[in-house]
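Below: the structure, in structure tokens.
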Amino acid sequence: MSFRAGFHAPIRHCHPMTTDRYNSREAEPRWRTVWDEQGIFATKNEDPRPKYYVLEMFPYPSGRIHMGHVRNYTMGDVVARYKRAMGFNVLHPMGWDAFGMPAENAAMAQKVHPKTWTYDNIAAMKKQLQSMGLSLDWAREFATCDPTYYKHQQKMFLDFLRAGLVERKQSKVNWDPVDQTVLANEQVIDGRGWRSGALVEQRDLTQWFFRISDYAQDLLDEIDRLERWPDKVRTMQRNWIGRSEGLLIRFALDPKTAPNAETELEIFTTRHDTLFGAKFMALSADHPLATAAARKNPALAAFIAECKKVGTAQEAIEKAEKLGFDTGIRAIHPFDPDWKLPVYVANFILMDYGTGAIFGCPAHDQRDLDFVNKYGLGNVPVVCPPGQDPKTFVITDVAFDGDGRMINSRFLDGMTIEEAKEEVAKRLEIEKRGNRPVGQRQVNFRLRDWGISRQRYWGCPIPVIHCEACGVVPVPDKDLPVTLPDDIDFDKSGNPLDRHPTWKNVPCPQCGKPARRETDTMDTFVDSSWYFARFTDPWRTDTPTDRAMVDAWLPVDQYIGGIEHAILHLLYSRFFTRAMMKTGHVGMKEPFAGLFTQGMVVHETYRKPNGEWVMPADVKIETVGDQRRAALAATGEPVEIGSIEKMSKSKKNTVDPDDIIESFGADTARWFMLSDSPPDRDVIWTEEGVQGAWRFVQRLWRLVGETADIGKAAPSAKPASFEPEALAVRKAAHKALARVSEDIEKLRFNRCVAHIYECANAMSAAIGAVDAPEKVTPDLAFAMKEAANILVQLFAPMMPHLAEECWAALGHKSLVSLQAWPKVEPDLLVEDTVTLPVQVNGKKRADITVARGAGNADIEAAVLTLDAVKKALDGKAPKKVIVVPHRIVNVVA
RNA sequence: GCGGACGUGGCGGAAUGGUAGACGCAAGGGACUUAAAAUCCCUUGGGAGCAAUCCCGUGUGGGUUCGAGUCCCACCGUCCGCACCA
């Protein structure tokens, strides 16, 4: 497949009213130079106009931009340019999410320093982004790996530490026993380390945590007020936070079976109503009771060791076959001292949630049911669905988790689930064992604290010093930033900071004795949790933010990025903003007032018969009838066309934005990324689609040229009246204007594109109707000139270079980028008559055209005289006639 | 496993519960041209009919409604996230 169509030599068009083809390669850089020289996209903080902050998620500097970036940044740019035209002082900045693993991988693979690699990539990607013609304020650019940025991050870490928002605790990491290093989940493939292939183990480390769970309730509550966020993201965040109201229950242990004379086992449950359906207890492999029992039981110890070989990824843990091991411990049912329950260690119980222990009621929980069916523990249903006979209701393979009435539950029988929960809670709250109630109501969250420690070099150093005498000592403000040492080596695995000969050895700031630096760096999600605040005053050196500036600009009015960030990045940023508020760095808690999540860019895949992936640029597609066939462009070797998938390096189905911009121009790429597909859905990159966009660029250029000729005959004053042809053009232009404005506000860019096509089609039709120059009446000339001005302004946010060129061709001396958005004439949107579809019993049988203000009774009478309606009624009187004004008429026979 | 979405012509899609298929792409036919490219015009969900017109049709099966692509229930299929990828 060739992307070189743009290289066709410019061809002189024969139409007398047109000029040369539009040459994007010449025009685009020329207009960018004009914008730069006039500095029209630099934003002044002291500008008095109302503010609008539009932000796209900043990129990781991988080296080249991809089509996903083109789509994301084009959408943001359309909003920025539109809001500027609407009179706002727009902040539209760009920076780099520059810390992360790929730089270290490059260092290992290519012997290039992460810093060099990163800054080289930034330079290359910046050039690419600039070729897109984005209206960015580059003066505010920074990278998160700049010490001038992470200095403030370290300061805030220490502020958070002093404010009690940070703590150290044990948590698990993926440990590669061969490479002796910590692995990211991404680096664990089927339970094995990606380089060594060794089976990964869970290992405990003491790590730093942000106490995001302190804010769980507030983060949940405030979701209700994020009205300009997609519902799906709000739902996902609610589920992620996972608030549940339940009961803590202390089960007594049978003393004869407790390994170290433990007396009880505390569990958390949300289904205390099902207590009489309990069949077993289950402990996490990390539960202290499990550890204690394993000391005397080698088989159990082996089972626990096996459980820890799954790695730390939630998905892997929950997908693994559900296994359990009977510890021999027996728990006593809280309502029946003679009822003993076996205590298992099970691989699907998480130590992080609740108390790391549960009671299992198999009839009403699928996981528990699978578990008892495997170990032959049986089940007793205790909730009976309505309409079921309790005597015959049995559970075999499918647990029942719906509503119903209690059965087989002694004093709970006949109650609803809610009543039973209440009764159980009441009784167990009153009952005391050792001065504490046996049951205690508790609200639990699934959300865990945010572990930010990373055993890696290329991240923001955690600014503390460990002293044997003084413990953890914050690095004094005057010593910030703690910068990364440049002299590091990646020859060995593990963290280069940890094995650096000198960097970590420092005197304790408190007692002066030899101490050592923290060698963990911060999760890169920390870097991206406040960059939006830094953009408001990135020049400030003494504090992370200027309160006057940050409070004036935040929240971000429109944030745009990938759906893959729906939970973590957005939730962490919401937490971080709260933490910054608590420590005085911002004056509000919600950073993003409006959020939009765009879909991915996907593409067909191509494979040689030997299974090797082939790049689209190397493939030539032929269409024979309905059949599409692919072959290698160079050799003609046939290639199989595969499924459409997310563009990825591994499947080689990527298209390089540079190639597209070079061949067709940035405007074509931008236009195509906005066309057709709804912005929140995936868009399929196709050669035909680019060609179509490119043809439309040329068509607009011709259309504006032709219209400019016609418009020369236009009177300077608006004519008093317009003939039907001219009126039709005016109506089309103003209708497009109204609709494009509305759809940009809602980020429905695909519909904007359709409206612009419709406007252009109407103008083309009007030009087509002019077969002689004398047919151009003054009113038509005026209408065409007006329509051309509107049309150019409508596509200016999407194709800004072409728009400038067209604006100049229309005779304007100013820049279209600086024009105010045109005003709709509302009269032109209203039609005098309305055509209503007429249905009989919901099926369309006719149309009827009535005056705009016609009354329902008149419409009803007119409808009943229609032949089609009479025929359908067959002489009978209608039962009912429904008239929906301006919409439809339905005759019910 | 848990959570979230999506499903409409040959394709991308449009449609405040109110004419299903706007707009674009592709395809077919025609005009222009020595020819090609480019451009312009016409046709294009399926079926019946000379035609007017009629029947069917929004993943599948039910339901609510005067009226369902849209709302409700169940199912099937596809995609995304799951805390150390960014």
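The chains referred to below are lettered A, B, ... by the order of the sequence lines, with proteins before strands, and numbering in each begins at 1. On a predicted model such as this, the values are computed, not experimentally measured, just so you know.
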| request: With A/R446 as the cation and A/W240 as the aromatic partner, state whether NZ or CZ is under 6.0 Å from the six-membered ring centre and within 45° of the axis. | output: yes
| query | Cationic tip of A/K322 within the cone over A/F371's six-membered ring, i.e. under 6.0 Å and within 45° of the normal? | reply | no
| said: Judged by each residue's nearest nucleotide on RNA chain B, which is more toward the 5′ side, A/G689 or A/V233? | reply: A/V233
| remark: For nucleotides 63-86 of chain B, 5' to 3', base contacts (B), sugar-phosphate-only contacts (S) and non-contacts (-) with protein non-hydrogen atoms under 4.0 Å give ---BS--------------BBBBB
Taking only the side-chain nitrogens and oxygens of [X], find out if one of them lies under 4.0 Å from OP1 or OP2 of [N].
X      : N     : value
A/R234 : B/G4  : no
A/R699 : B/A38 : no
A/R695 : B/C25 : yes
A/R681 : B/G13 : yes

If I pick the [atom1] atom on [M] and the same atom on [N], what distance separates them, to the nearest angstrom?
N     : M     : atom1 : value
B/G29 : B/G77 : C1'   : 38 Å
B/A68 : B/U8  : C1'   : 14 Å
B/A14 : B/A22 : P     : 13 Å
B/G67 : B/C56 : P     : 15 Å
B/U43 : B/G59 : P     : 28 Å
B/G30 : B/G45 : C1'   : 24 Å
B/C66 : B/G61 : P     : 23 Å
B/C11 : B/A27 : C1'   : 11 Å

| A/Y73 and A/H69 aromatic ring geometry - parallel, tilted or perpendicular at 30°/60° bounds | parallel
| query | With under 30° as parallel and over 60° as perpendicular, where do the rings of A/W530 and A/F576 fit, or are they tilted in between? | reply | parallel
| query | Given B/C6, B/C23, B/G1, which nucleotide is nearest the side-chain atoms of A/K322? | reply | B/G1
| task | Could you check which of B/C23, B/A14, B/U19 has an atom nearest any side-chain atom of A/P837? | result | B/U19
Return the value, rounded to whole Å, for the distance between atom [atom1] of [X] and atom [atom2] of [N].
X      : N     : atom1 : atom2 : result
A/E688 : B/G10 : CD    : C1'   : 12 Å
A/D867 : B/U53 : CG    : P     : 12 Å
A/N23  : B/A38 : CG    : C1'   : 16 Å
A/E742 : B/A14 : CD    : P     : 15 Å
A/H755 : B/A14 : NE2   : P     : 11 Å
A/I349 : B/G1  : CD1   : C1'   : 13 Å
A/D231 : B/C6  : CG    : P     : 10 Å
A/K232 : B/C6  : NZ    : P     : 7 Å

| Where does B/G69 fall, syn or anti, if syn means a chi angle no more than 90° from 0? | anti
| Ring centroid separation for A/Y60 and A/W96, is it under 6.0 angstrom? | no
| Centroid separation A/F209 to A/W450 less than 6.0 Å | no
| query | With no angle test and no hydrogens, is the base of B/G12 tied to the side chain of A/D676 by a donor-acceptor pair under 3.5 Å? | reply | yes
| query | Does the base of B/U16 carry an N or O that pairs as donor and acceptor with the side chain of A/R887 under 3.5 Å? | reply | yes
| request: Kindly express the pairing pattern of RNA chain B in dot-bracket notation, using | wherever a base pairs with another strand and counting only Watson-Crick or G-U pairs under 3.5 Å. | output: (((((((..(((.....[....))).(((((.......))))).((((....))))..(((((..]....))))))))))))....
| query | Hey, are A/E742 and A/K746 close enough for a salt bridge, meaning a charged N less than 4.0 Å from a carboxylate O? | reply | yes
| When we call it a touch if two heavy atoms are under 4.0 Å apart, what does A/K844 touch: a base, just sugar-phosphate, or nothing? | base
| Heavy atoms under 4.0 Å, any strand shown: does A/S677 hit a base, just sugar-phosphate, or nothing? | sugar-phosphate
| said: Side chains of A/Q170 and A/T206: any donor to acceptor distance under 3.5 Å? | reply: yes
| Side chains of A/D847 and A/T835: donor-acceptor distance under 3.5 Å anywhere? | no
| field | Contact summary for A/I888 and A/L836, nearest pair of heavy atoms | value | N-CD2, 3.8 Å
| query | What closest approach, in Å, do A/S528 and A/F58 show between heavy atoms, and which atom pair accounts for it? | reply | CB-CE2, 3.7 Å
